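The figures here come from the full heavy-atom set of this structure, side chains too, leaving out hydrogens, waters and symmetry mates. A quick note: this is a predicted structure, and the numbers were derived from the prediction, not measured.
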Amino acid sequence: MSLSQAFFAIVVRDLLLAFRRRAEAANPLLFFVLAVTLFPLAVGAQPHLLQAIAPGVIWVAALLAALLSLESLFRSDFEDGSLEQLLLCPHALPVLILGKISAHWLVTGAPLLVVAPLLALFLGLPQQAMATLWLSLLLGTPLLSLIGAIGVALTVGLRRGGMILSLLVLPLYVPVLIFASSAVDRAAGGLPAAAQLDVLAAMLFFGVVLAPLPAAAALRMSVN
Amino acid sequence: MAFFPASWTRFFHQTASPPYFYALASKLSPWLGGICLALLAAGLYGGLYLAPPDYQQGDSYRIIYVHVPAAWMSLFVYVLMAVMGGIALIWRMKLAEVMLISSAPIGAGFTFIALVTGSLWGKPMWGAWWVWDARLTSELILLFLYLGVISLYGAIEDKRNAARAVSILALVGVVNIPIIHYSVEWWNTLHQGPTVTKLDKPSIHISMLTPLLLMALAFKFYYALAVLQNAKLELLRRESGAQWVKNLLGAKT
């Protein structure tokens, strides 16, 4: 089996597993919608206020939804032993992990792209910012899965890794949050946001290349 | 190892052996402590007494003599931790792991001091205890990175494994620190621009600069002293079954 076949085999396997557990896979999406719904209830429903905080609210909710779903990236594989099989594979581990991350993003990150414009509409985000919001999520959410994979790989062997996971991962999410929400903010104000999106794209490419390496090293440590 | 002459590698391996390092650290500690105290006294005298008051900020600028060295050290210690992490991962050197984990609480302490003094300084200057200024914010995130390292090390039972995990985390963190720093800087800034790092012509008078550099050196020596003490304890804890620890403890009781 070649490396690319192994990569796609892992993607297909993880997607199939997620499909078999559909209810579980829908959780991050529900969380995303619920978290955004809480904000108008908490800060009041004045349209101009909601419009001003919409980019931040949507991005913080997306970030927390990604954080919530991270555990599922390696947890069940770690518990049933298939993670050890993955480590014993003759193929380059970082590429296989990239496969797992891609499948994870398709299950937990991609659905956010579908609902986000709807939520943005509820919050009164101006029309001209929709495309930017969508692009920022398209570039940003895979990055959340990539960075998060390092954190999960470090904590998967721990019984109560959840709190530590958020402490490890959230500081690293800060640049994504800053560039993504400011891109949407600028677009909402009618300003060009290409620079922010370019930076996000650059970070994404770096992430795809670099993030699987420490994740692989950390997984070897965790399974050891 | 072909990069280095043989005598260097011998020195390296000798220093890295726990009993030798323990003895060396014990021998160095009084010297480090003495130099640290002398520099601290000179720096404080120069900074709090000799240096003139600032033409704009009056005497309240004098907190710079604690704030800036602590902020420098907070970054310096993290970078050093990442270097130790790299050494620990590549050469599996036990001492590098010990130094890495011994540095973390000290670095977190420096970061905390920088945050508290920054907030104290901010009250008279900006009129608020806390502002979402770029450098304060990235310092806060740095504190979270330190706390992440400390709690991850504490959470993993097997300490050799924990040290590897922490090494990876420190390396990931050090790649991210500049990204975080510049993204936050670009996001918002209120902090006064750097006054010392403009190497060609610092915008700070020499009578104010000298005590600042003395204090920075004093902080460095303090860190060296503190990290050696921490490392000694960590070594004793890890090697409690080894013969040299038994000999040492036997000799003392």
> Say you draw a straight line from CD1 of A/Ile164 to CG of B/Leu147; how long is it, rounded to the nearest 0.5 Å?
Replying inline: 11.5 Å
> So, for A/Met221 and B/Ala165, which heavy atoms are closest and what is the spacing to 0.1 Å?
Replying inline: CE-CB, 3.3 Å
> Under a 4.5 Å heavy-atom cut-off, does chain A meet the side chain of B/Asn176, its backbone, both or neither?
Replying inline: side chain
> Should the heavy atoms of other residues, nucleotides or ligands under 6.0 Å from CD of B/Glu157 be counted, would the total exceed 12?
Replying inline: no
> Is the number of heavy atoms from other residues, nucleotides or ligands within 6.0 Å of CH2 (B/Trp244) greater than 12?
Replying inline: yes
>> Between A/Met203 and chain B, with a heavy-atom cut-off of 4.5 Å, which part of the residue counts as in contact: side chain, backbone, both or neither?
In response: side chain
> Given the options A/Val174, A/Ile150, A/Leu158, which has more heavy-atom pairs under 4.5 Å with chain B than any of the others?
Replying inline: A/Leu158
>> Give me the atom names and distance for the closest heavy-atom approach of B/Ser151 to A/Leu167.
In response: OG-CD2, 3.4 Å
> Just wondering, are more than 12 heavy atoms of other shown residues or ligands nearer than 6.0 Å to CZ in B/Phe112?
Replying inline: no
> Taking everything shown except B/Lys94 itself, do over 12 heavy atoms lie less than 6.0 Å from its NZ?
Replying inline: no
>> For a quick test of reading the model, state the closest non-hydrogen atom pair linking A/Pro214 to B/Val172 and the distance between them.
In response: CB-CG2, 3.7 Å
> Considering only heavy atoms, which portion of B/Ile168 lies under 4.5 Å from any heavy atom of chain A: side chain, backbone, both, or neither?
Replying inline: side chain
>> With heavy-atom distances below 4.5 Å as the criterion, would you say the side chains of A/Leu172 and B/Ile179 are in contact?
In response: no
>> Does B/Tyr222, at its OH atom, have more than 12 non-hydrogen atoms belonging to other residues, nucleotides or ligands within less than 6.0 Å?
In response: no
